[in-house]
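Being a predicted model, the structure only gives us computed values, none of them experimental. Both backbone and side-chain heavy atoms feed into the values below; hydrogens, waters and symmetry mates do not.
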Amino acid sequence: MPSESLSYDRPLKLIAHPVRHLRGTARVPGDKSLSHRAIMLSALAVGKSFISGLLEGEDVLATAAAMRALGATVTRVGAGAWEVHGVGVGGLATPVQALDMGNSGTSTRLLMGLLASHDLTATFVGDASLTRRPMARIIDPITLIGASVSAREGRFLPLTLVGTPEPLPIDYSPAVASAQVKSAVLLAGLNTPGTTIVREKVATRDHTERLLTAMGADLRVDRDGESGAGRIIRLAGHAELNPITLSVPGDISSAAFPVVAAAALPGSDILIEGVGVNPLRSGIVDALIAMGSDIRLENMQTLSGEPVADIRVRGGKLHAIDGVPGDPSRMIDEFPVLFVAAACAHGTSRFTGLAELRVKESDRLSAMAHALAQAGIRVEELEDGLVIHGCGGLVPGGGHVDPRLDHRIAMSGAILGLLAERPVHVDDATPIATSFPDFATVMGALGADIELTGPHSPEPSASRAVFLNGQNND
């Protein structure tokens, strides 16, 4: 069996060369958000769960390692295929060593919620990027539940969480729209007596609710407010979760990269198969359609409680937009690559209400403003967004992109290079392994010209479209 580690030696640099169009059919890795939740909740079930299509990027592997350290049996049995023997709700044990979450904010925040209602102590550590990401929005609600947290400067990793043996159910309204905060509170509620309630002003991605329902939890969702945009989620505690057989659909956040590239290149025609199109995640599709892109969802079906479709994209001219359709939370992770689409569009696009992007793996507003400006695009950086003056075609420059340890900035830089007049150099492609280890391979199969260079990369003539980790996991 191949190693579960998809990491590789630093540094690995990426050069994306301009292309005329993209054509062909491809699949992207399993949905990262659902993969995290599938591992965690299967570890709390009573019995054996089977998960196929799991994303085997570094972030999800960090979740799998953490659940093993907490007492569950988590085993890779094939490419994307995993078995999880759960210990039951309340059955997790104190880990012997600190939980190393690598770069994964999702793993950290969800696990903090999950462990808050367990009588155990756990220390969380992470890489340089993760230790700069604030955890206060999770610390606040789990403290109300009864857990205690000791963190660097009160809100950063490394932190030590002491769960409570007598958790209290809470009625909580997150200050900002956040699926991670909502999910953390619900996961804490699983081992809490009574009913835990989360009130959302704006509905956020609902993978946690769908999966909990499929596994037998007593969970109810009601619309809230006159517009119905908000939701009230009620979860009865001390649940007994049933094991599940789950097929993880392709990640729309990963699909966004080839989709944007194809949409911006006239003559392109691609099909990305088996992508999750949860309506609370598919904002990137609506945004590109608003920009004039020819995108269609084909072969719609429901798998494991999630809507899934093939995404067909035909390239053409894009025009600017003033904001995105619906709430920005529906596509919060896709904004960096949408900014690339806006750079190619006719007219000036304005995006606001995106202060959240400053506290992701990097300050994504600053990083993308700098990347686009380097390539010759006029950009105005606002406190909570960007104004992008599109060039109406190929981006005029090339240049270098500093991904700032952020996988989505690195991949957005690569897409920028495909749509530019000169190559774009991504200074460090290493972070891409956290979510899309096969990025270069998938893009290469569609006609992208992506070169990887580094001390352990293939010879230059053979370095196009290879696995970022240098190994095939089949």
Side-chain angles (χ1 to χ4, degrees), residues 14 16-32 53 55 248-278 281-301 303 307-319 331 333-345 393-395 407-408 410-420 424 432 435-451 464-468:
L14 181 152
H17 301 267
V19 295
R20 294 180 58 190
H21 53 247
L22 297 181
R23 291 177 182 168
T25 300
R27 285 184 174 268
V28 296
D31 186 278
K32 185 157 75 84
L55 169 64
V248 180
D251 195 328
I252 196 165
S253 295
S254 296
F257 297 101
V259 164
V260 164
L265 287 169
S268 293
D269 187 351
I270 69 168
L271 184 72
I272 309 298
E273 296 179 321
V275 180
V277 289
N278 185 307
R281 289 283 305 282
S282 57
I284 183 66
V285 173
D286 296 337
L288 289 170
I289 290 173
M291 297 176 76
S293 180
D294 182 0
I295 298 182
R296 301 178 186 181
L297 302 183
E298 302 176 354
N299 191 28
M300 286 287 297
Q301 55 187 310
L303 297 176
V308 179
D310 301 334
I311 303 179
R312 167 80 66 179
V313 188
R314 295 181 174 89
K317 294 183 178 179
L318 302 178
H319 59 75
M331 55 170 295
D333 289 328
E334 292 74 70
F335 273 102
V337 76
L338 183 67
F339 296 154
V340 176
C344 299
L394 290 179
V395 172
H407 55 132
R408 301 205 193 279
M411 288 184 280
S412 296
I415 300 305
L416 181 64
L418 302 180
L419 306 178
V424 167
I432 295 174
S435 65
F436 199 163
D438 300 343
F439 173 73
T441 300
V442 171
M443 294 303 303
L446 296 172
D449 190 353
I450 293 176
E451 179 180 355
R464 311 282 173 123
V466 298
F467 285 91
L468 279 176

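- Between Leu418 and His17, the shortest heavy-atom distance links the atoms CD2-O, 3.4 Å.
- Arg281 has a carboxylate O that lies under 4.0 Å from a charged side-chain N of Asp31, or vice versa, which qualifies the two as a salt bridge.
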One pair to check against side-chain contact (heavy atoms from CB on, under 4.5 Å): Asp449 and Met443. What are the steps and the verdict?
CA-CA 8 Å; Asp449 190 353; Met443 294 303 303; over 6 Å; no

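- One distance of note links CZ of Phe257 with CG of Asp251; it measures 9.5 Å at 0.5 Å rounding.
- Of the inter-residue distances, the one linking Ile272 atom CD1 with Ile295 atom CD1 reads 10.5 Å to the nearest 0.5 angstrom.
- Annotation for Pro249 and Val308: closest pair CB-CG2, 3.7 Å, computed over non-hydrogen atoms.
- Taking each heavy atom of Ser253 and Asp333 in turn, the nearest pair found is OG-CB, 4.1 Å.
- In this structure, the side chains of Val275 and Ser282 stay at 4.5 Å or more apart for every pair of heavy atoms.
- For the pair Leu394/Cys344, no side-chain contact is recorded, criterion being any heavy-atom separation below 4.5 Å from C-beta on.
- The pair Arg312-Asp310 does not meet the salt-bridge criterion, since no charged nitrogen lies less than 4.0 angstrom from a carboxylate oxygen.
- In this structure the side chain of Ser435 reaches within 4.5 angstrom of the side chain of Met411, judged on heavy atoms.
- Taking the side chain as every heavy atom from C-beta outward, Phe436 and Val442 approach each other to under 4.5 Å.
- Judged by distance alone, with hydrogens and angles left aside, the side-chain atoms of Ser412 form a donor-acceptor pair with the main-chain N or O of Arg408 at under 3.5 Å.
- Nearest heavy atoms, Ala309 versus Met300: CB-SD, 3.2 Å.
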Report the C-alpha distance between Leu288 and Leu338 in whole Å, list the side-chain angles of each, state the deciding distance to 0.1 Å, and finish with yes or no for side-chain contact (heavy atoms from CB on, under 4.5 Å).
CA-CA 8 Å; Leu288 289 170; Leu338 183 67; 4.1 Å; yes

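- Taking 4.5 Å as the limit, some side-chain heavy atom of Leu416 sits within range of a side-chain heavy atom of Val395.
- The closest donor-acceptor contact from the side chain of Asp269 to the backbone of Arg23 lies at 3.5 Å or more, if one exists at all.
- Val260 and Ala341 make their closest contact through CG1-CB, 3.8 Å (heavy atoms, listed as atom of the first residue, atom of the second, distance).
- By the 4.5 Å heavy-atom criterion applied to side chains, Asp294 and Arg296 are counted as neighbours.
- Taking the six-membered ring where tryptophan is involved, the planes of Phe335 and Phe339 are tilted, since the angle between them lies from 30° to 60°.
- Contact of the Met291 side chain with the Lys317 side chain is not registered, since no non-hydrogen atoms from C-beta on lie closer than 4.5 Å.
- Nearest heavy-atom pair, Ala26 versus Leu446, reported as atom, atom and distance to 0.1 Å: CB-CD2, 4.0 Å.
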Between Ile450 and Leu14, does a side-chain contact (heavy atoms from CB on, under 4.5 Å) hold up when you go through it step by step?
CA-CA 7 Å; Ile450 293 176; Leu14 181 152; 3.8 Å; yes

Between Leu271 and Ile311, is a side-chain contact (heavy atoms from CB on, under 4.5 Å) present by the stated rule, with each step listed?
CA-CA 6 Å; Leu271 184 72; Ile311 303 179; over 6 Å; no

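- Checked by atom type and distance alone, the side chain of Ser268 pairs as donor or acceptor with a backbone atom of Leu22 at under 3.5 Å.
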